[in-house]
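Beneath this line is the structure, given in structure tokens, with notes to follow.
Proteins get letters first, then strands, A, B, ... in listed order; numbering begins at 1 in each.
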There are 2 protein chains.
Amino acid sequence: MTTGTLVPVFAALGDETRWSILAALGEGDASASALAGRLPVTRQAIMKHLAVLQEVGLVESERVGREVRYRVIGAQLSDAARRLDAIGAEWDRRLAAIKQIAEGL
Amino acid sequence: MTTGTLVPVFAALGDETRWSILAALGEGDASASALAGRLPVTRQAIMKHLAVLQEVGLVESERVGREVRYRVIGAQLSDAARRLDAIGAEWDRRLAAIKQIAEGL
DNA sequence: AAGAAGTGCAATCCTGTGGTTGCAAGACGC
DNA sequence: GCGTCTTGCAACCACAGGATTGCACTTCTT
């Protein structure tokens, strides 16, 4: 069961503000300053969040002149989802087996 | 996009110790004390973790005499996974559309 | 009845981190 | 060149939370 690099991704997803940022980026790529204009937090706070999102590969950045535009990588979400689902399925399988044993089958 | 009660679940999954507990419970139901014997943390620390896991519905408890046995609910993991996958897919769809526009199609 | 094993609650400690303000440095538009 | 916009540190603050120790209470065993 390779939880591997999965835990930090969930840690990143376990913050409301970060979801706000992801949602805002869903409307289209944006810079930290642009996001700061739309969200009720400072640009610096947003930059920190973008840093952790980029760290776990949920977001990528591209420098355009004097600004840095951020973009969501949806595939990463799907990947994390697939891995989580595999783990959940494994648990269900095991629980089902235990239940059968418990029922004396 | 109903992130709803999803964020706390990810927050709960964003901790290595909690995964250790889930993994240990995967071997079979166990009490807090039993888990404390297998993991390098105190029983009280484990109890706190079990509390947050139960809070978000990843685990359920049952009192048996003087002890309280905990059990993983695998279906909850699968559910969170499905919801996350839906969000990821939505993002991919949107990104694909943007890409087409960008390519002048 | 008495000891052992388990839970529950509370106080405490310390690190992590989400948030802020302030300022220096880079890139653009005139 | 000069004002403007944006990024990039760095310091700092406050709170949450992961972990510990200590003690009281309940339940089982003998």
Inset, instruction - Starting from the 5' end of DNA chain C, give me the residue, A:Arg18 or A:Arg43, whose nearest nucleotide shows up first. - result: A:Arg18

Legend entry - Gap between atoms CE and P, on B:Met47 and C:dA11 respectively (whole Å): 17 Å

Legend entry - First-last contacting nucleotides on DNA chain D - partner chain B, under 4.0 angstrom, heavy atom: D:dG18 to D:dC28

Inset, instruction - Measure from CD on A:Glu16 to P on C:dG18 and round the result to the nearest Å. - result: 13 Å

Inset, instruction - Check whether any side-chain N or O of B:Arg38 sits under 3.5 Å from a backbone N or O of B:Ala24 as a donor-acceptor pair, and report yes or no. - result: yes

Inset, instruction - Would you mind reporting whether A:Leu35 and A:Leu25 have side-chain heavy atoms less than 4.5 Å apart? - result: yes

Inset, instruction - Check every strand shown and say whether A:Arg63 touches a base, only sugar-phosphate, or nothing at a heavy-atom separation below 4.0 Å. - result: sugar-phosphate

Legend entry - 5' priority, DNA chain C, between B:Ala32 and A:Val41 [closest heavy atom]: B:Ala32

Inset, instruction - Consider the side chain of A:Gln44, meaning its heavy atoms from C-beta on, and name the nucleotide among C:dT7, C:dT20, C:dG18 that approaches it most closely. - result: C:dT20

Legend entry - Out of C:dG19, C:dA27, C:dT20, whichever nucleotide has its closest atom nearest the side chain of A:Arg66: C:dA27

Legend entry - Ion pair check, A:Glu60 and A:Arg71, cut-off under 4.0 Å: yes

Legend entry - Single hit among A:Val72, A:Leu58, A:Leu39 for side-chain contact (heavy atoms from CB on, under 4.5 Å) with A:Ile21: A:Leu39

Legend entry - Proximal nucleotide (of C:dT7, C:dT20, C:dG18) relative to the A:His49 side chain: C:dG18

Legend entry - Euclidean distance, atom CG of residue B:Leu50 to atom P of C:dG6 [Å, nearest integer]: 15 Å

Legend entry - Sub-4.5 Å side-chain heavy-atom contact between B:Thr5 and B:Arg83: yes

Legend entry - A:Thr17 side chain near C:dG18 phosphate (N/O to OP1/OP2, under 4.0 Å): no

Inset, instruction - Could you tell me whether the side chain of A:Leu84 reaches within less than 4.5 Å of the side chain of A:Phe10, counting heavy atoms only? - result: yes

Legend entry - Atom-to-atom span, NZ of B:Lys48 to P of C:dA11 - whole angstrom: 12 Å

